[in-house]
There are 2 protein chains.
Amino acid sequence: MHDTQNPLPKSYCDACAIRNRAICADLDEREIALLNGIGRRRKLSAGEQLMWEGDEAVLVANVIEGVLKLSSHSADGKEQILGLVYPSDFLGRPFGKTSPYGVEALTDAHICVFERTDFDRFAREHPRLEHKLLERTLSELDRTRRWMLLLGRMNAEQKVASFLLEMAERLGTNQASGPETTVSLPLSRQQIADVLGLTIETVSRQLTRLRGAGAIDLPSRREIVLRDTADLESRAG
Amino acid sequence: MHDTQNPLPKSYCDACAIRNRAICADLDEREIALLNGIGRRRKLSAGEQLMWEGDEAVLVANVIEGVLKLSSHSADGKEQILGLVYPSDFLGRPFGKTSPYGVEALTDAHICVFERTDFDRFAREHPRLEHKLLERTLSELDRTRRWMLLLGRMNAEQKVASFLLEMAERLGTNQASGPETTVSLPLSRQQIADVLGLTIETVSRQLTRLRGAGAIDLPSRREIVLRDTADLESRAG
DNA sequence: CGTCTGCTTGATAATACTCAATTACCGTGG
DNA sequence: CCACGGTAATTGAGTATTATCAAGCAGACG
């Protein structure tokens with residue numbers, strides 16, 4: 001699969017699904033070839049842990065396919081999901097000694113991994129890459145801060161409605177002709193609770209209420225149909 | 001105050017209190033002079049608003065002196081403080097159209113401001129600066145995510161204890177000989193509540209409880225003495 | 001010295017949590 | 001294909017924590 005013996009291989013990055021959306025987007029042929037030389041692909045199964053909270057930060061990666069979660073645990077063992085990572089997103093902590101969060105695949109996933117030290121060196125030598133990484137990190141910080149507002153100042157209904165709208169935006173598939181959006185959740189109820197800072201029971205009750213109000217439909221555990229987006233938006237605050 | 005007419009002025013950055021801690025730390029004489037040319041100093045009074053949530057992001061800045069808050073409001077008007085900004089910290093949203101949060105000085109402050117577009121251009125032309133900015137943004141993201149754990153999974157006592165310990169680390173002055181730390185708060189009770197995602201009454205009650213337990217002392221509204229750090233740490237979880 | 005604002009304290013209500021029981025779903029093996 | 005078992009999700013009852021509303025207090029400042 002690798003052509004790393006060839007000094008300037010026609011890299012497989014060309015065939016990469018996220019070639020034009022990930023941080024490598026602005027790199028030229030030569031740079032891509034070099035980056036290709038220090039990276040490798042890796043498959044993860046749903047539930048597989050890639051990194052542990054507090055561990056040495058040995059690797060970083062681009063997500064090619066699948067969804068992963070970043071999470072941390074409070075002293076009394078409660079989990080808080082700090083972020084979800086989707087295809088074309090960057091993963092890991094460059095220029096850092098330890099990973100401040102654990103990383104686990106929520107679905108089967110493909111990632112393109114680099115030794116952190118290799119990546120750090122490459123980044124420092126290629127400002128265009130570092131710039132992309134900066135822009136991404138700044139956006140991620142904005143997104144994270146928006147989530148702080150949710151965690152600190154929203155009630156359960158607002159949290160759940162906001163969550164559904166965000167998931168729909170990320171993963172939603174619009175049914176032909178209709179205004180309805182179906183979301184195939186990569187998260188269990190417990191994981192939704194861990195995203196929102198709630199308990200599983202509260203999430204369940206809120207979903208039931210929203211179904212009762214006709215705002216959503218729950219055809220199966222992992223599927224949610226958004227029937228009335230306007231209603232959800234007004235509930236989200 | 002400015003020497004911007006002189007092509008390569010002996011910049012006043014040399015006398016800057018945060019010259020070696022801010023993102024400008026790694027720049028050489030020539031670069032500093034250029035940066036000095038596009039920046040200007042500005043004084044802010046306590047309570048003064050520098051940017052508004054959602055406004056066009058016209059400026060960025062380095063904080064020289066004082067403390068500022070970043071905050072956002074939920075639909076029903078509740079405020080959530082997203083971050084506190086201290087001397088040597090960077091402020092604002094480079095490479096972004098709008099500011100995702102409001103910025104207000106909590107104390108009188110000195111900042112070194114740049115037009116965002118000027119700064120963006122300078123940053124793109126000077127990878128060393130951009131690298132510093134990236135490292136800072138990554139740390140800020142780590143710090144913000146740690147705060148998510150507090151907002152999502154801690155109870156009122158844990159939040160208040162964590163807050164006090166963090167403030168002591170940032171602003172604490174150790175009394176000679178004793179183990180006690182005194183913190184001069186830049187925040188009102190309401191603002192503490194807005195940091196922690198609580199109400200002012202809950203914050204007040206927790207502080208009273210901690211005083212009753214001998215963990216802290218409250219000599220005045222804006223001063224808190226940490227008497228028993230170990231106790232606070234165990235309460236913080 | 002009085003007023004104003006910010007903080008504290010108290011009483012009550014609402015929200016979300018905990019614990020417990022039941023139901024639904026999904027994969028497995030017969 | 002259906003029955004079974006195990007896990008995940010829902011529902012219910014009761015409790016705890018925090019928010020809300022209201023009153024009182026105190027320190028800052030004119």
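Here is how names work: the chains are called A, B, and so on, in the same order as the sequence lines, proteins then strands, and each is numbered from 1. Just so it is clear, the structure is predicted and the values come from calculations on it, not from any experiment.
With the nearest nucleotide of DNA chain C identified for both A:Pro219 and A:Thr202, A:Thr202 has the one nearer the 5' end. Where A:Leu198 and A:Arg221 each meet DNA chain C at their nearest nucleotide, the meeting point lying more 5' is that of A:Leu198.
Against DNA chain C, the stretch residues 147-166 of chain B makes no heavy-atom approach under 4.0 Å.
Minimum atom distance to the side chain of A:Gln206 is reached by C:dA16, of the listed C:dA16, D:dT11, D:dT20. Here the nucleotide nearest the side chain of A:Ser188, chosen from D:dC21, D:dA9, D:dT11, is D:dA9.
Within a 6.0 Å radius of CD in A:Glu56, no more than 12 heavy atoms belonging to other residues, nucleotides or ligands are found.
Across A:Leu187 and A:Gln191, no two heavy atoms sit closer than the pair CA-OE1, 3.3 Å.
Partners of A:Asn174 according to the side chain to side chain contact (heavy atoms under 4.5 Å, CB included) rule, which considers only residues two or more places apart in sequence or in another chain, are A:Thr181.
Ion pairing between a basic and an acidic side chain is recognised when a charged N comes within 4.0 Å of a carboxylate O; A:Asp194 and A:Lys78 show no such pairing. Between A:Glu157 and A:Arg205, none of the side-chain N atoms (NZ, or NE/NH1/NH2) sits under 4.0 Å from a carboxylate O, so this pair counts as no salt bridge. Look at A:Arg41 and A:Glu65 and you find no salt bridge, because none of the NZ, NE, NH1 or NH2 atoms lies under 4.0 Å from a carboxylate O.
Within 4.0 Å (heavy atoms only), B:Thr199 reaches at least one base atom of the nucleic acid.
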